Amino acid sequence: MISLLLLAALAAPHPLNEAWQPPIKRWQARGVSVHGRLATIGVYYNDADFDEAPRYLDPSGPSVGQIATFFRPGVTLTPQEGTQIYYQAELGWSVWSQRDAEAEGLDAYHREIWAQQRLDDWGALRVGYQRIEDPSGLFLNHRAGAARLTYTYQGGELALLGGVTPDDTAEGLGEDNFEHDSAVGGLALQHTAGGLLLDLAGYGLWDHHIVDRPLTLGVLVLGLRRADGALWAHAVLQRGEWAGAALGGGAQRLAAWAAQAGGALELGRLSIVINGLLSAPDDDHDGNDLNAAPLLSGRDASSTLLLTEDEYGDRRQDVSARMSARLGAFTTQRAGRAVADLALGYAFEGDYVMRLIGGAAMVLSPRHALDQRLIGVELGWIHELYFNPTTGAYLMGQLLLPGGAAAAYLNEVNAAATQPLYGGQLGLVTHF
Amino acid sequence: MRAHHWGILGLIWLGGCQGEPPPTEATFAAGLARVRVGVTAYEGIDGRVVTQQTGRLRDALGREVYLRGINVSGSHKAPPTEAFPSLYPLPQDAALAARCRAEIPMPPECVPSRDVSYVGRPFPLDEADLWFGQIAGLGFNSIRLLTNWESIQPYRPGTCVGREGYDSRCHDLTYLDYFEALIIKAKAHGLYVLIDMHQDIFSRHLFAYYNEAPPYGAPGSLEATLFSLLPPYSDWVRGHGAPRWVVQAALPEKDMDSPYWGIFRALGAMRGESGALDPQNLANLLKLFNQLMPSDGGGAPAWINDAFERLPPHFEPHQSSDFLPWTYWPLNGLLSLDADRCFAAFFAGDEVFPALVVDVDGLTKRRDEVADPAALPSLQAYLQGEYIEVLRALARRGGRHENVIGYDLMNEPVGTFLLLTLAAAFIQADGPSGLEGILEGLLGADLGQTLHALIIGLNLLPPDTAPETLRAWGLADIDLLASVNLNLAFDERHLQPFFERAGQAVQAEDPNAIIWIEPGATLRTLTGPSFQWDSPLTRPQGVDQVVFAPHWYPDIYPKVGLNVSPRQFNPDEWLYRDFRAPLAAHIEHARAFLGNAPVVFGEFGTYFNYGSHEASREAGYETSAHILNAYYEAFEDLGVGNMLWCFSADNSAKYGELWNHEDFSIIDPDGAPRAWPAYARPYARATSGRLIQQRFYSQYHAWDPVGGAPRPDRIYTLEMHPRETTAPTEIYAPQRQYPDGFYVWISDGGAYFDAARQILYWYPDAQAEGTRHALRIEPPRGVEVIGWRYFFKGDRVLERGAR
């Protein structure tokens with residue numbers, strides 16, 4: 001049993017991964033299913049940036065680290081066959097060294113709240129605050145209020161999506177209306193042909209969250225995957241207009257792209273995962289009539305944990321997120337990005353998996369990174385120990401050799417300093 | 001389409017897209033929109049619309065505008081037709097030049113030409129791009145462009161028939177073309193222009209020669225002071241503004257063609273008409289010397305004979321003026337009867353000189369000397385009428401240009417008439433006999449009599465009050481009571497009505513004109529407002545846009561005396577000075593008496609020659625920088641505009657701005673900016689919302705560290721109320737302060753940087769009740785900076801964080 005689990009865990013997502021959830025019985029008869037994830041994670045890094053200067057007014061020096069616990073309880077209600085209600089919350093990030101349980105309130109967030117209705121045999125309608133994702137995950141990979149109508153046919157699935165991404169625009173005195181919301185909608189086709197999945201999706205984004213500067217974006221996602229997840233390739237093309245965004249108040253054309261491709265190979269106990277990611281840079285001019293950098297979700301298929309999002313405990317502290325600008329619910333990086341990585345996993349006898357992750361990233365337009373190109377090179381060595389199919393512990397050591405581009409964006413003292421960042425994580429994760 | 005075509009298309013999409021360069025030039029030009037005084041209107045309780053000035057300037061894009069300007073220029077005060085250096089237009093021939101310096105009366109070949117043209121001041125038009133570019137590069141968004149009455153109307157109306165380039169009023173059309181071309185040039189560099197009708201102590205034709213190198217005594221000593229008044233002369237102290245014919249009109253008895261014009265009047269009485277020393281005056285002088293300095297042994301000092309030898313020939317009182325070459329030249333506004341008479345004629349001639357009219361020949365005459373006095377303008381009406389016509393001519397030019405932000409109707413009008421009042425009282429008190437009694441009562445019989453004899457003998461006051469004597473002295477028609485009143489309520493009774501007439505005339509030509517007014521230099525300036533009978537400058541009626549533009553010059557001038565050295569300060573004498581309270585008093589005046597007119601300090605500045613020009617330069621102009629920094633910090637805290645005195649393209653180490661040895665120019669003789677860290681400082685040129693506060697911590701900021709906090713070196717902060725327009729907030733972010741780039745924090749919105757013009761455009765976009773937009777700029781400086789949104793370095797940009 002454990003061996004099977006380990007083999008299943010070799011390819012992401014695995015039980016220690018944030019995105020992983022235990023399988024939920026679909027359209028079960030009336031009933032309640034309670035589930036959750038509880039994680040305690042300790043992190044330590046020698047620095048938050050790439051020089052050893054102490055932080056201002058901080059006698060403890062430049063290092064960062066803490067141990068914290070959080071809990072994501074969820075419940076699936078099936079009041080009757082064909083109808084589901086889903087709720088998931090996040091309680092905490094309770095930092096051990098800071099939380100006073102007697103003095104503070106509850107840190108609670110609603111992650112997902114939605115209802116789903118099966119529509120005869122041809123589809124389903126899900127409405128509520130839910131995870132929305134385009135086939136590549138590069139553009140849409142959010143939790144947002146949305147309605148998703150799915151039509152299933154023999155060769156695949158067609159999904160119609162309409163939703164609203166959250167923003168912080170005040171729209172009146174303690175009130176809200178639809179004047180300055182950010183709406184997204186689209187149609188996604190996933191067609192199966194042989195062992196391949198063809199992805200074809202088109203989306204529209206109408207982002208009015210900035211008063212007087214509405215953004216309209218059309219997004220085309222093209223992709224090809226192997227049904228077993230062994231290969232993937234996606235391209236995201238964006239065209240649109242951002243009113244008032246150019247210097248002088250003129251409109252800015254949006255014409256951007258991003259692409260990602262990769263594969264996973266299992267050779268017995270050894271797994272190999274590779275991924276390459278490109279996102280276009282903006283043109284040479286800031287504030288002109290063209291913005292060529294795409295709006296992205298900030299999530300991708302890269303295995304790196306420092307250069308891209310950390311799948312073990314994502315707090316948006318990775319280099320890519322910190323280098324990016326955020327526009328509403330999306331991220332953008334004017335310098336563009338190329339990330340290539342390789343993850344090797346080996347399932348030893350017993351309950352132990354070891355992974356090695358290596359990756360490198362650079363910007364595509366050094367002009368937008370103070371003429372620096374390299375973002376960094378990351379190495380990670382991860383040890384996972386599984387106690388049962390849903391509970392495991394991990395220990396990882398990490399090293400980031402930052403490049404000048406990362407230093408330019410992230411270094412808080414000296415934009416030229418590129419001292420290595422090292423550290424690691426220790427975690428215990430359990431699901432039910 | 002073939003496959004490779006798709007490939008090419010794909011490549012274009014993937015990497016080949018390049019947009020047009022950002023419209024920096026158009027954005028910059030659009031930012032220089034017409035400025036108006038902010039007005040708010042609302043329905044009152046009785047239904048009528050109540051209109052109030054907001055006390056702020058707004059541009060056509062709906063932004064609040066903050067003027068950080070500079071006066072251009074100090075060297076405008078003399079025409080380029082008057083050659084450098086500032087003494088006489090000395091001939092090239094060295095021998096002749098020596099004669100011109102030494103010989104009294106001045107040889108006819110030394111007398112300067114009476115042809116006047118100010119074309120080329122402040123600088124030739126072909127240098128305008130260079131200097132305006134430098135001014136804009138240093139962050140100034142506006143200039144107070146000096147002109148004066150003489151520039152536009154150098155000759156008496158009606159005397160220019162046949163002169164090319166003049167209209168019937170003798171307005172110099174060539175100069176007006178030049179002046180308008182300067183306005184256009186300034187616009188190309190993003191500079192607003194305040195048209196300033198400048199004057200100081202009325203006219204450059206009121207002056208006093210002096211010897212810069214007296215052979216005896218230390219600066220400030222009695223003998224050095226005395227010899228400063230004696231030839232050979234090497235320089236002069238003078239006013240500027242009104243043309244020669246105006247001075248002649250105000251002082252009709254004067255012989256301005258006299259070869260002695262400019263020599264202190266008392267010296268003309270030291271010799272008799274035969275050329276011999278006047279024995280009576282000589283005896284009284286020696287007696288006075290012995291009475292004042294008995295410790296010197298009672299004998300004549302060693303230098304006295306040299307002094308007598310240097311005395312000029314005899315001349316009459318009407319052949320010169322009573323100007324003295326005070327190093328602190330404004331004293332002539334207080335202590336010159338001739339200057340008093342000029343200002344009184346202009347502002348209050350109808351009351352003080354009711355008998356004077358201007359004849360059709362342009363000469364000032366008594367009413368009983370002309371055939372039909374009722375048909376002639378009074379002296380006041382004539383002078384003000386011509387002055388206002390000059391303003392009209394300027395307004396016709398200025399009204400064509402969006403970057404003109406107004407008209408300063410008159411620089412530093414003098415409203416103190418102490419000597420005029422004393423002269424009137426002297427006449428009323430039966431002249432010399434009355435004065436003698438007063439002096440004897442004050443000083444004792446002996447000293448009083450000696451002093452009285454000298455005052456009369458040296459032509460400081462007329463010898464008697466006979467009508468013909470008083471006419472010869474120009475004192476025949478003074479109204480005593482009017483003279484007294486002139487001192488008490490000048491701003492209210494004379495200046496404000498003049499501003500009304502002039503302001504309405506300007507707005508008739510340029511309906512968008514903002515009228516800039518300054519308070520008079522009056523007794524109220526010295527004593528402050530009185531509680532019971534205050535007579536402040538109030539808002540000119542019939543003028544819909546007014547800006548109050550007081551000047552600010554605290555303790556920087558040379559001490560009282562002739563040939564006095566520049567002041568000397570230690571930098572820390574200025575490091576901790578806080579000028580907010582005295583500056584706030586001016587703002588309060590605008591609020592209390594001027595209908596909440598916006599306040600822009602039209603002048604402030606500092607010498608750059610403390611200790612000496614060389615010493616100041618050697619010290620990196622540190623004292624001057626501290627002084628300026630103290631001013632700017634106060635202005636920033638109070639949120640008021642300001643215009644620095646001054647920029648002078650032809651600054652000279654010895655002569656400063658070529659006028660009275662003033663050395664205020666921010667560029668030194670080789671054209672390089674000096675003490676720039678104090679004034680090339682970030683500031684918001686225009687804000688999308690109402691400014692709450694902006695502040696820059698220059699390297700001269702007094703810093704008292706708290707808890708190990710790093711020095712706030714070159715940090716700029718800005719806070720404003722919710723935006724009222726989608727137009728950007730413009731912030732000057734100078735390369736000089738931030739050679740290694742700068743970080744930007746913003747509360748909301750987005751920002752772009754025009755590196756060529758050093759302007760950061762910030763488009764705030766939050767729009768909720770209670771929003772406070774905030775921005776912060778810091779350079780990389782070796783301390784941790786967290787949470788920045790942008791880093792700009794030249795045309796390179798890093799952007800991160802949320803929008």
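In what follows, every chain begins at residue 1, and chains take the letters A, B, ... in the order their sequences are listed. The model shown is predicted, which means the values in this text are computed figures rather than measured ones.
Side-chain contact between A:Leu290 and B:Gln18: absent, with no pair of heavy atoms (C-beta onward) separated by less than 4.5 Å. Between B:Asp765 and A:Asp212, every side-chain heavy-atom pair lies at or beyond the 4.5 Å cut-off. Side-chain contact check for B:Glu799 versus A:Thr332: every heavy-atom pair is 4.5 Å or farther apart. Put simply, the side chain of A:Leu370 reaches to within 4.5 Å of the side chain of B:Arg796, judged on heavy atoms. Between A:Val211 and B:Arg723 there is a side-chain heavy-atom pair separated by less than 4.5 Å.
If you measure heavy-atom distances from B:Tyr763 to chain A, the contacts under 4.5 Å come from both the backbone and the side chain. B:Pro21 touches chain A through backbone and side chain together, each having a heavy atom under 4.5 Å away. For a residue to count as touching a neighbouring chain, one of its non-hydrogen atoms must lie under 4.5 Å from one of that chain's; by this rule B:Tyr752 touches chain A with backbone and side chain alike. In this structure, the portion of A:Asp49 lying under 4.5 Å from any heavy atom of chain B is its side chain and not its backbone. Neither the backbone nor the side chain of B:Asp740 comes within contact range of chain A; no heavy atoms are under 4.5 Å apart. Looking at A:Asp284, both its backbone and its side chain come within 4.5 Å of chain B, counting heavy atoms on both sides. Of the two parts of A:Arg322, only the backbone, made up of N, CA, C and O, holds a non-hydrogen atom closer than 4.5 Å to a non-hydrogen atom of chain B. Proximity to chain A (any heavy atom under 4.5 Å) is shown, for B:Tyr790, by neither the backbone nor the side chain. For B:Phe28, no part lies under 4.5 angstrom from a heavy atom of chain A. For B:Ala751, the part sitting under 4.5 Å from any heavy atom of chain A is the backbone (N, CA, C, O) and nothing else.
Between A:Gly287 and B:Pro23, the closest heavy-atom pair is O-CD, 4.1 Å. Looking at every heavy atom in both residues, B:Trp788 comes nearest to A:Tyr409 through CZ2-O, 2.9 Å. Taking both residues in full, the closest heavy atoms of B:Tyr743 and A:Asn411 are given as OH-O, 4.1 Å, listed atom of the first, atom of the second, then distance. Heavy-atom minimum distance, B:Pro22 versus A:His285: CD-CB, 3.5 Å.
Most heavy-atom pairs under 4.5 Å with chain B: of the set A:Leu327, A:Asp286, A:Leu364, this distinction falls to A:Asp286. Interface remark: of the candidates B:Leu798, B:Thr771, B:Thr27, B:Thr24, B:Leu798 forms the most heavy-atom pairs closer than 4.5 Å to chain A. Of the residues considered (A:Ala245, A:Ala259, A:Gly336), A:Ala245 shows the highest number of contacts with chain B, using heavy-atom pairs under 4.5 Å. In terms of heavy-atom pairs under 4.5 Å with chain B, the best-connected choice from A:Gly249, A:Ala246, A:Ala292 is A:Ala246.
Although no hydrogens or angles enter the test, the distance criterion places a donor-acceptor pair under 3.5 Å between the side chain of A:Asn288 and the main chain of B:Glu20.
Atom CZ of B:Arg800 sits about 15.5 Å away from atom CZ of A:Arg334, to the nearest 0.5 Å. Put simply, CZ on A:Arg367 and CG on B:Asp795 are 4.5 Å apart, with the number rounded to the nearest 0.5 Å.
Counted within 6.0 Å of CD on B:Glu25, heavy atoms from surrounding residues, nucleotides or ligands total 12 or fewer; the atom is thus considered open.
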